[in-house]
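All values below come from the heavy atoms of this structure, side chains included, with hydrogens, waters and symmetry mates left out. Sequence lines set the chain letters: A, B, ... in the order given, protein chains first and strands last, and positions in each chain run from 1.
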Number of protein chains: 2
Amino acid sequence: MKSQPSSSIEDYVKVIYSFTEWQDKPITSSQLAARLGVANSSVSEMVRKLKDQGLVDHRPYGAVRLTADGERLALTMVRRHRLLETFLVQELGYSWDEVHDEAEQLEHAVSDTFVERLAEKLGHPDRDPHGDPIPSPTGRVERPSALPLGDLDPGHEGRITRISDDDPEMLRYLARERIVLDTAVHVVRRKPFGGPLVVRIGAGNGAHEFDVPDSIASSLWVHSDSSHEGCTLERA
Amino acid sequence: MKSQPSSSIEDYVKVIYSFTEWQDKPITSSQLAARLGVANSSVSEMVRKLKDQGLVDHRPYGAVRLTADGERLALTMVRRHRLLETFLVQELGYSWDEVHDEAEQLEHAVSDTFVERLAEKLGHPDRDPHGDPIPSPTGRVERPSALPLGDLDPGHEGRITRISDDDPEMLRYLARERIVLDTAVHVVRRKPFGGPLVVRIGAGNGAHEFDVPDSIASSLWVHSDSSHEGCTLERA
DNA sequence: CCTCGAGTTTCGGTACGCCTAAATCCTACG
DNA sequence: CGTAGGATTTAGGCGTACCGAAACTCGAGG
Ligand SMILES: [Mn+2]
Ligand SMILES: [Mn+2]
Ligand SMILES: [Mn+2]
Ligand SMILES: [Mn+2]
């Protein structure tokens with residue numbers, strides 16, 4: 001009866017999980033539809049199917065939440081996706097803006113055996129090329145203590161530990177600006193009236209200042225090495 | 001209008017191609033159905049679709065033959081499949097009886113970019129773990145001049161250059177008997193009344209005799225190093 | 001030359017995953 | 001409160017890829 005999940009179902013569950021990975025509001029139908037690129041009505045039907053299979057909790061007109069089973073499946077898929085991205089970069093010379101779409105397909109085609117042998121070969125990495133943590137085979141993940149760059153006060157220093165992989169264009173731009181994983185950042189100031197953030201990138205002679213537009217500021221997560229946790233978290 | 005092919009269509013075309021790879025009769029509907037594990041009626045429908053897309057020639061009640069376009073697609077898929085099998089063995093430590101099913105899925109999920117980077121990494125191998133030749137990206141293959149062990153006369157010597165990967169069980173058995181690619185074989189005699197073939201496997205101190213049942217004899221291809229091409233090809 | 005049965009196609013139907021349009025719900029504002 | 005407008009679900013359909021059962025073909029053997 002467990003009828004191993006179709007690739008559509010795998011994607012639904014993965015998107016539901018990802019939505020709550022960096023913030024805790026559960027996802028709504030239309031947000032799910034937008035992320036999956038399907039019509040709202042398609043989501044309604046599929047959510048019913050997910051519920052029948054015990055993967056989500058949902059009541060009509062309410063948000064969608066994963067059950068324990070659903071989360072288990074989601075973590076399996078997230079592990080696959082991130083290990084595959086890591087493989088593509090480390091072993092096949094892909095750049096970090098090219099890996100997402102390829103992994104999005106491959107994640108549905110590989111077996112558990114494949115995934116574990118790949119993890120072995122890669123030396124059991126704990127994060128993917130964008131800094132996203134890779135869950136263990138048993139579904140354990142640690143949520144890195146990092147904050148969006150946009151939420152930090154001037155004076156804050158740290159390192160970039162995660163970069164959203166939503167937009168390949170942005171990833172290419174950041175690579176050109178030498179903004180990559182583990183780069184040091186120092187928040188210099190925020191220009192007034194909602195203007196861009198000014199940060200100092202890197203250290204020593206390679207350092208340079210950079211105006212960070214809001215769209216980028218919310219896509220870069222920073223782990224502070226100076227642990228004076230006086231940062232405002234101003235999300236409504 | 002080219003509507004890139006579904007994974008079903010990829011499999012149909014690949015099976016049609018494979019059928020004529022080692023023998024030249026075209027495939028019939030029911031043979032196609034048997035190899036794909038679907039009903040005859042499903043094949044009839046799909047063949048119509050393949051014909052509409054210009055991938056096969058077919059007239060009702062006749063055999064199915066690939067067009068130039070169909071063969072091009074088939075060779076692309078065969079290249080993918082065999083490179084993936086090679087990858088699984090060389091890089092992920094799979095044994096040769098484990099790779100077929102995994103490659104059967106992966107071949108539909110990888111991009112052209114992936115395939116070519118993989119070929120690069122593997123050093124552009126020219127055959128897969130079972131000795132099957134890997135077509136070039138442009139669809140060139142060479143048909144190795146090898147003959148089924150069962151068709152050879154006593155006295156014939158050569159090396160095993162291809163082993164059918166249809167039956168994982170048989171592959172495991174052969175590996176246990178130290179019958180692998182490039183192993184030397186010498187046909188000693190055929191036991192009378194359709195009895196098994198007797199062959200000498202290997203050379204030097206590792207050599208041993210082996211009774212080859214018919215099912216195995218037709219799955220091992222031998223390339224003769226002694227080029228006295230006096231072998232009977234008794235296929236009707 | 002005719003027929004009969006194996007091989008093949010056609011027919012009606014299912015499951016899945018998607019769509020648009022229409023109906024329905026629910027909340028926030030007036 | 002009451003309701004309008006946005007969010008959501010339902011209804012009706014489509015394309016793909018399967019299935020079993022029924023109808024059809026055609027060539028080998030009588
Ligand atoms: Mn996916
Ligand atoms: Mn990623
Ligand atoms: Mn396949
Ligand atoms: Mn093979």
Side-chain angles (χ1 to χ4, degrees), chain A residues 1-16 19-20 25-66 70 73-74 77 104-105 107-109 236, chain B residues 1-16 19-20 25-66 70 73-74 77 104-105 107-109 236:
Chain A
M1 189 102 302
K2 262 285 131 60
S3 71
Q4 76 282 350
S6 68
S7 62
S8 280
I9 285 186
E10 289 175 343
D11 279 338
Y12 274 78
V13 160
K14 190 159 60 81
V15 168
I16 296 166
F19 190 82
T20 40
K25 281 183 167 10
I27 196 168
T28 65
S29 276
S30 44
Q31 288 170 320
L32 198 37
R35 300 211 168 199
L36 287 162
V38 300
N40 287 341
S41 55
S42 307
V43 170
S44 283
E45 279 185 87
M46 281 302 265
V47 166
R48 181 155 14 92
K49 202 168 303 183
L50 292 174
K51 192 182 174 192
D52 291 347
Q53 301 192 10
L55 296 171
V56 303
D57 287 331
H58 177 244
R59 10 187 338 172
Y61 303 98
V64 182
R65 253 169 276 258
L66 291 175
L73 177 59
M77 295 312 298
E104 198 60 52
Q105 296 305 123
E107 65 190 2
H108 310 292
Chain B
M1 188 107 300
K2 262 288 128 61
S3 71
Q4 75 284 348
S6 69
S7 62
S8 280
I9 285 186
E10 290 175 342
D11 279 338
Y12 273 79
V13 160
K14 191 159 59 81
V15 168
I16 296 167
F19 190 81
T20 40
K25 281 181 165 13
I27 197 168
T28 65
S29 275
S30 44
Q31 289 170 320
L32 198 36
R35 300 211 168 197
L36 287 162
V38 301
N40 287 340
S41 55
S42 307
V43 170
S44 282
E45 278 186 89
M46 281 303 265
V47 166
R48 182 155 15 90
K49 202 168 302 183
L50 292 174
K51 191 181 173 195
D52 291 348
Q53 301 192 10
L55 297 170
V56 302
D57 286 331
H58 178 245
R59 8 187 341 170
Y61 302 98
V64 182
R65 252 170 278 257
L66 291 175
L73 177 59
M77 295 312 298
E104 198 60 50
Q105 295 305 122
E107 65 191 2
H108 310 291

Report the distance from atom CZ of R59(A) to atom P of dT8(D), rounded to the nearest whole Å.
15 Å
Select base, sugar-phosphate, or nothing to describe what S8(B) touches, counting heavy atoms under 4.0 Å on all strands.
sugar-phosphate
Whole-Å gap separating C1' (dA15(C)) and CD1 (I9(A))
12 Å
S29(B) side-chain N/O to dT8(C) phosphate OP1/OP2 under 4.0 Å
no
Which of dT16(D), dT9(C), dT10(C) is nearest the side chain of K49(B)? It is dT16(D)
Minimum-distance nucleotide (side-chain atoms of S6(B) versus dT9(C), dG17(C), dA17(D))
dA17(D)
For side-chain contact (heavy atoms from CB on, under 4.5 Å), just list the numbers for H108(A) and H108(B), CA-CA rounded to whole Å, side-chain angles, deciding distance to a tenth of an Å, and then say yes or no.
CA-CA 11 Å; H108(A) 310 292; H108(B) 310 291; over 6 Å; no
Once you apply a heavy-atom cut-off of 4.0 Å, does A39(A) come out as touching a base, just sugar-phosphate, or nothing?
base
Looking at the base of dC19(D), is there any donor atom on it, or on the side chain of E45(B), that sits under 3.5 Å from an acceptor on the other one?
yes
Interatomic distance, N40(B) CG vs dA22(D) P [rounded to whole Å]:
16 Å
Sole residue of D57(B), L66(B), I16(B), V43(B) in side-chain contact (heavy atoms from CB on, under 4.5 Å) with L50(B):
I16(B)
Send over the distance from L50(B) CG to dT16(D) C1', rounded to a whole Å.
13 Å
Need one value for S44(B): base, sugar-phosphate or nothing, where a base atom within 4.0 Å counts as base even if backbone is also close, heavy atoms only.
base
Kindly say if T28(A) contacts the phosphate of dA7(D), meaning a side-chain N or O under 4.0 Å from OP1 or OP2.
no
Report the distance from atom CG of L73(B) to atom CD of Q4(B), rounding to the nearest 0.5 Å.
11.5 Å
Quickly work out the Q31(B) CD to dG7(C) C1' distance and round it to whole Å.
11 Å
Would you mind reading off the distance between D11(B) atom CG and dT16(D) atom P, rounded to a whole angstrom?
17 Å
Are OP1 or OP2 of dG6(D) and a side-chain N or O of S30(A) less than 4.0 angstrom apart?
no
Between protein and nucleic acid, restricted to nucleotides 21-26 of chain C and to nitrogen or oxygen atoms under 3.5 Å apart, what atom pairs and distances do you find?
unit_1  : atom_1 : unit_2 : atom_2 : d
dC25(C) : O4'    : Y61(A) : OH     : 3.1

Can you see which heavy atom on T20(B) is nearest to which on K25(B), and at what distance?
CG2-O, 3.2 Å
Expressed as a whole number of angstroms, how long is the span from R48(B):CZ to dT8(C):C1'?
12 Å
Reported OG-to-CE distance for the pair S29(A) and M46(A), which is rounded to 0.5 angstrom:
12.5 Å
Testing the basics here: between V47(A) and V56(A), what is the closest heavy-atom pair and its distance to 0.1 Å?
O-CG2, 4.0 Å
Within this structure, what is the CD-to-C1' distance between E10(A) and dC16(C), rounded to whole angstrom?
15 Å
Which pair of heavy atoms, one from L55(B) and one from V13(B), lies closest together, and at what distance?
CD1-CG2, 4.3 Å
